[in-house]
J.: 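The structure is given below, and queries will be raised subsequently.
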Amino acid sequence: MKLQPGMLAKKLGMTQIFLEDGTRVPVTVLSVRGNTVVAHRTMERDGYTALQIGFDEQKPHRMTKADLGRFKQANVAPRRFVREFRVDAEVLAKHPVGSELAPAFAEGQFVDVIGMTKGKGFQGGMRRHKLGGKPNTHGTHEYFRHGGSIGCRLTPGKVHPGKRMPGHLGAVRQTAQNLRVAKVLADQGVLLVRGPVPGAANEYVTVQFARKVSARQAHGST
Amino acid sequence: MSNSCPTIEAIERSYRRADLPAFRSGDTVRVHALISEGGKDRVQVFEGVCIHRKKGGGRGSFTVRKVSHGVGVERVWPENSPRVVKVELVSRGRVRRAKLYYLRDLSGNAARIREKLGDYAELLSGAPSAATESDVQLAEGALSDDKPAD
């Protein structure tokens, strides 16, 4: 079912590239160099099969001894960013512990990119939930950016859970789905993905094969 | 807005082109650009005043404005677009701003840009200017009004 693991990457920033016909494509530059298999998860021991991948080296003195032990076991340099990818059991043998993953993505393929969005702090309802606010005229008094009423009276006598209100925005895990791989610079270990991905520059992200593309291709649209 | 990331700079550098003349806003340029017509590309020449030129590493762009049959027409191209086949510098203009958006509100003689005097023969001959020196010289020329640059 799952024959290839995803990859971990560092978002370097955005730029643009030109296709041969002159189309300008906005791309996010993702560095995928140094994806190393840190451990295997097996059915016998863990109840599921997965590859544990480490990315971007970390100085040993910045890690706990417990974490260092894991990397020592695998005989790889300590890594900052470690994630697991569920794969089929037979795939494990192809990626022994300590081996490096080559960029598995090809131009034109679709990927999902998972990252932490930029934190925006405590934001009002208009920005956080796209509430409409109130008119600027016709007697509005100190109520321009409010959300309005938040409920009824004795019935139901409470504010319904999920009521859209001001609060903390951003800094959540988010998946950008179905991004086209615009270009692969294998020699530099760089992936160019069309459009923006969650997070600030230098943030770690996870790149996976798009979940929905098969369904989308079945319907015949691009 | 410069990128400090060397990888991104390298990517942008690979798309940069060095064959554009050193034109700036106020200059009259002749842009040979591809337009697609009936599924085929052909070169169309668009001559007008450059009213904006943004230099952003590999991401610069420029706008050329002309008045065609009494209607103002503006076209914007990315500097490094492969659809821009060639840019010819027709004449240099004497302007005091980097962005000439005020030309949109002017018409007739008021919208005319005075030609900058000086010895630009080398540039105007259409030879691609590689040196940024000439750019600096011209910038100085712009400051010292109509005094010809040497």
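Both backbone and side-chain heavy atoms feed into the values below; hydrogens, waters and symmetry mates do not. Chain letters run A, B, ... following the sequence lines, proteins first and then strands; every chain starts at 1.
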J.: What are the two closest heavy atoms between Gly22(A) and Ser81(B), and how far apart are they?
T.: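 Where Gly22(A) meets Ser81(B) most closely, the heavy atoms are O-OG, 4.3 Å.
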
J.: Given a strict heavy-atom distance threshold of 4.5 Å, which part of Asp41(B) is in contact with chain A: side chain, backbone, both, or neither?
T.: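 No part of it gets close to chain A.
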
J.: Could you state the interatomic distance from NZ (Lys183(A)) to CD1 (Ile11(B)), rounded to the nearest 0.5 Å?
T.: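 Result: 8.5 Å between the selected atoms.
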
J.: Any sub-3.5 Å donor-acceptor pair from Arg83(B)'s side-chain atoms to Asp21(A)'s backbone N or O?
T.: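 Indeed, once roles are kept as given, a pair shorter than 3.5 Å links the two residues.
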
J.: Sort by residue number and list every residue of residues 55-73 of chain A having at least one heavy atom under 4.5 Å from chain B.
T.: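 If one takes a 4.5 Å heavy-atom cut-off, no residue of residues 55-73 of chain A lies near chain B.
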
J.: For the atom pair OG (Ser14(B)) and CD1 (Ile17(A)), what is the distance rounded to the nearest 0.5 Å?
T.: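 Reported value, rounded in 0.5 Å steps: 9.0 Å.
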
J.: Kindly compute the distance separating CE (Met14(A)) from CD1 (Ile8(B)), expressed to the nearest 0.5 Å.
T.: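 Atom-to-atom, Met14(A):CE and Ile8(B):CD1 are 9.5 Å apart.
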
J.: Can you name the residues of residues 23-41 of chain A that have some heavy atom under 4.5 Å away from a heavy atom in chain B?
T.: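 From residues 23-41 of chain A, the residues near chain B are Arg24(A), Val29(A).
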
J.: Check the surroundings of atom NZ in Lys66(B): do more than 12 heavy atoms from other residues, nucleotides or ligands lie under 6.0 Å from it?
T.: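 Correct, the count exceeds 12.
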
J.: Is the number of heavy atoms from other residues, nucleotides or ligands within 6.0 Å of CZ (Arg145(A)) greater than 12?
T.: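 No.
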
J.: Step through the shown structure and confirm whether more than 12 heavy atoms of other residues, nucleotides or ligands are within 6.0 Å of NZ on Lys54(B).
T.: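 No, not enclosed.
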
J.: Which heavy atom in Phe18(A) sits nearest to a heavy atom in Pro78(B), and how many Å separate them?
T.: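 Nearest pair, atom of Phe18(A) first, then Pro78(B): CZ-CB, 3.6 Å.
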
J.: Should we say atom CZ of Arg16(B) is surrounded by more than 12 heavy atoms from elsewhere, each under 6.0 Å from it?
T.: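 No - once you tally the heavy atoms of other residues, nucleotides and ligands closer than 6.0 Å, there are 12 at most.
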
J.: How many angstroms lie between atom OG1 of Thr7(B) and atom CG of Leu192(A), to the nearest 0.5 angstrom?
T.: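 Answer for the OG1-CG pair, Thr7(B) versus Leu192(A), is 10.0 Å.
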
J.: Side chain, backbone, both or neither: which part of Leu19(A) has a non-hydrogen atom closer than 4.5 Å to chain B?
T.: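 Just its backbone gets close to chain B.
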
